[in-house]
Protein chains: 2
Amino acid sequence: MSDADDEIMNAVARALRSHGYADLTMQDIADESSKSKSLLHYHHDTKADLLIAFLDDLLTEYEQRLECRADQPPEQRIVDFLARFVFTPEDDEREAFHLALLEMRSQGPFNDRIQAQLERSDRLLRETLAEIIADGIADGTFEPVDPDRTAALLVAALDGARTRQITLGEANELPLDGDNITYTRATVEELLAQIVEPILAEGGTLPDLDTTLAELDRED
Amino acid sequence: MSDADDEIMNAVARALRSHGYADLTMQDIADESSKSKSLLHYHHDTKADLLIAFLDDLLTEYEQRLECRADQPPEQRIVDFLARFVFTPEDDEREAFHLALLEMRSQGPFNDRIQAQLERSDRLLRETLAEIIADGIADGTFEPVDPDRTAALLVAALDGARTRQITLGEANELPLDGDNITYTRATVEELLAQIVEPILAEGGTLPDLDTTLAELDRED
DNA sequence: GGTGGCTGACTGACTAGTCAGTCAAACCGA
DNA sequence: TCGGTTTGACTGACTAGTCAGTCAGCCACC
């Protein structure tokens with residue numbers, strides 16, 4: 001990608017973050033970059049084209065982050081996978097990213113091109129997780145369960161937790177355990193304890209969530 | 001609510017359904033009713049006011065549906081609660097309703113009034129579920145678990161499943177068990193088997209999902 | 001005949017997209 | 001190496017169209 005295109009995509013992200021999808025104008029995007037509105041049309045014929053390109057960008061980057069770490073054992077990979085969904089409200093970047101994505105998702109049913117991108121992303125997410133589970137069953141790490149069903153449940157819970165954390169704003173902390181904890185964090189902890197732990201084969205143990213989170217932090 | 005206001009709300013729902021929140025105009029809404037655009041402004045000063053009123057309407061009705069059935073035993077109430085989230089793509093009405101809600105949700109972070117409504121709804125949802133679980137623990141139906149945490153997990157999974165089913169369109173069936181099954185159905189089945197069943201006290205059994213779905217169908 | 005519900009015609013603000021033209025760097029033949 | 005030419009990135013000014021919101025007035029019913 002060229003420098004200019006890169007700057008445009010960053011500008012879209014910033015504009016989307018401060019205006020939201022519904023109120024987004026080409027001028028808003030231009031204002032977030034050092035370039036003019038005309039340039040946006042120079043590189044992308046229409047506003048719709050620009051937004052599709054942005055979504056494609058977003059999802060491609062997202063997919064690339066999923067691919068690494070395939071060499072780890074299944075129990076580490078699954079904790080990794082879940083841990084990647086945890087974030088705090090302070091992580092503005094992440095929150096803005098997923099809010100933009102959520103807005104585009106809600107436009108899916110009205111726009112075939114958006115929907116196609118979303119389906120590609122959903123399939124990859126579920127298949128990646130199902131593969132980890134299937135690998136774990138094959139090598140005896142996990143008890144035999146239906147990988148597709150378990151993956152679908154985990155992905156739904158992670159998605160829901162993220163959506164709620166994003167849309168419920170500042171006050172989204174759950175007053176659990178006497179302490180405040182984010183929706184994503186609480187959900188991942190519960191999923192590990194209620195879903196993943198019980199399917200571990202006799203004698204197996206799960207990597208610690210905090211340790212994994214710290215490692216992921218160091219990587220990025 | 002007056003007849004006119006009722007007609008306006010229905011028109012908003014229909015317009016939202018065919019145009020989506022981002023492209024919705026006052027004229028679109030007027031076109032879906034037998035009234036004029038001016039009338040919309042006569043009853044609601046601004047477009048924002050109208051949409052807030054619509055959201056309030058939506059959530060109030062939603063909340064009322066939650067309240068009934070408080071006389072049932074906890075294991076029936078929890079299956080009821082989960083079963084209410086199951087729907088098929090054929091159920092256009094439901095799908096449109098939740099799509100509209102999703103679009104408004106994604107606007108929450110840009111609009112305080114929307115966000116306040118969303119928070120009220122989230123709290124009610126989680127508290128209702130937590131209360132069912134707490135009641136069940138108190139009367140020995142369920143093993144002692146943290147009601148708030150379990151409720152948060154269940155609500156997140158239900159929300160995520162619904163969002164995915166809505167946004168992934170026609171091809172949203174999961175090819176599970178060799179047969180196609182909706183995201184919401186698969187998730188509720190898994191939640192019952194993996195989360196609810198395990199916290200049932202010794203000797204307890206859960207009501208059948210299909211039976212409960214049929215009963216809910218008859219009620220509406 | 002007055003009042004509340006309602007309308008059509010209108011307007012000013014705003015928006016996506018266009019277009020003619022600028023400018024600097026790359027290119028190229030002598 | 002120099003002059004001229006082309007090219008691609010980029011811009012400001014413009015246009016046609018759309019939108020929310022206004023307003024004067026209509027009309028059915030009290």
Side-chain angles (χ1 to χ4, degrees), chain A residues 1-58 100 103-104 106-108 110-114 117, chain B residues 1-58 100 103-104 106-108 110-114 117:
Chain A
M1 183 158 11
S2 73
D3 282 357
D5 229 42
D6 212 37
E7 188 179 351
I8 291 175
M9 291 306 158
N10 285 331
V12 173
R14 278 194 298 274
L16 220 29
R17 174 170 158 187
S18 42
H19 297 271
Y21 180 93
D23 299 330
L24 189 70
T25 72
M26 292 296 267
Q27 191 59 57
D28 291 335
I29 299 171
D31 289 347
E32 290 289 345
S33 78
S34 64
K35 305 301 168 59
S36 72
K37 179 166 83 82
S38 301
L39 183 74
L40 302 178
H41 285 290
Y42 177 78
H43 286 285
H44 305 269
D45 281 358
T46 68
K47 185 184 175 188
D49 285 343
L50 172 58
L51 291 176
I52 293 289
F54 173 74
L55 182 60
D56 183 48
D57 226 49
L58 219 60
E103 297 193 86
M104 302 212 73
S106 72
Q107 293 306 308
F110 307 101
N111 186 321
D112 290 347
R113 290 193 292 168
I114 290 181
Q117 299 271 20
Chain B
M1 183 157 12
S2 71
D3 280 358
D5 228 40
D6 211 38
E7 187 177 351
I8 291 176
M9 291 307 158
N10 285 331
V12 173
R14 279 193 297 273
L16 219 30
R17 174 170 157 187
S18 42
H19 298 271
Y21 180 92
D23 299 329
L24 188 71
T25 71
M26 293 295 269
Q27 191 59 57
D28 291 336
I29 299 171
D31 289 348
E32 291 289 345
S33 77
S34 64
K35 305 301 168 60
S36 73
K37 180 164 82 81
S38 302
L39 184 73
L40 304 178
H41 285 290
Y42 177 77
H43 287 284
H44 306 269
D45 282 358
T46 68
K47 185 184 177 188
D49 285 343
L50 172 59
L51 291 176
I52 294 290
F54 174 73
L55 181 60
D56 183 47
D57 226 50
L58 218 59
E103 297 194 85
M104 303 212 74
S106 72
Q107 293 306 309
F110 307 102
N111 187 321
D112 290 346
R113 288 150 85 201
I114 291 180
Q117 298 272 20

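A note on names: the letters A, B, ... follow the listed sequences, proteins ahead of strands, and every chain is numbered from 1.
- To the nearest 0.5 Å, the span separating CG on B:Leu40 from CG on B:Asp49 amounts to 12.5 Å.
- Spacing between atom NE2 of A:His41 and atom C1' of C:dA16 amounts to 5 Å, rounded to whole angstrom units.
- Remark: P of D:dA9 and CD of A:Glu7 are 14 Å apart, rounded to the nearest angstrom.
- Between the NE2 atom of A:His43 and the P atom of C:dT18 there is a distance of 16 Å, given to the nearest Å.
- B:Asn111 is linked by a side chain to side chain donor-acceptor pair (under 3.5 Å) to nothing, counting only residues two or more places apart in sequence or in another chain.
- Using a 4.5 Å heavy-atom threshold, the side chains of B:Glu103 and A:Phe110 count as touching.
- Across all strands shown, A:Ser34 has heavy atoms under 4.0 Å from sugar-phosphate atoms exclusively, and none from any base.
- Straight-line distance from the NE2 atom of B:His44 to the P atom of C:dC6: 11 Å, rounded to whole Å.
- Applying a 4.0 Å cut-off to non-hydrogen atoms, the residues of residues 16-32 of chain A that approach DNA chain C are A:Leu24, A:Thr25, A:Met26, listed by residue number.
- In this structure, the separation between NZ on A:Lys37 and NZ on A:Lys47 is 11.0 Å, given to the nearest 0.5 Å.
- The side chain of A:Tyr42 contributes no N or O atom lying less than 4.0 Å from OP1 or OP2 of D:dC10.
- Between the side chain of A:Lys37 and the base of D:dG12, no donor-acceptor pair of N or O atoms lies under 3.5 Å.
- Listed by residue number, A:Thr46, A:Lys47 are the residues of residues 46-53 of chain A with a heavy-atom contact under 4.0 Å to DNA chain C.
- Contact annotation: side chain of B:Ser38 to base of C:dG8, donor-acceptor pair present below 3.5 Å.
- Put simply, the side chain of A:Met26 reaches to within 4.5 Å of the side chain of A:Leu50, judged on heavy atoms.
- Rounding to the nearest 0.5 Å gives a distance of 9.0 Å between CD1 of B:Ile8 and CD1 of B:Ile29.
- Remark: A:Asp5 CG to A:Leu39 CG distance equals 9.0 Å, nearest 0.5 Å.
- Across the protein-nucleic acid pair, A:Leu40 atom CG and D:dG12 atom P stand 13 Å apart, rounded to whole Å.
- We find that CG of B:Leu39 is positioned 20 Å from P of D:dG25, with the value rounded to whole Å.
- Annotation: side chain of B:Gln117 is in contact with side chain of B:Asp56 (closest heavy-atom distance under 4.5 Å).
- The residue from A:Asp28, A:Thr25, A:Asp31 that alone fulfils the side chain to side chain contact (heavy atoms under 4.5 Å, CB included) condition with A:His19 is A:Asp28.
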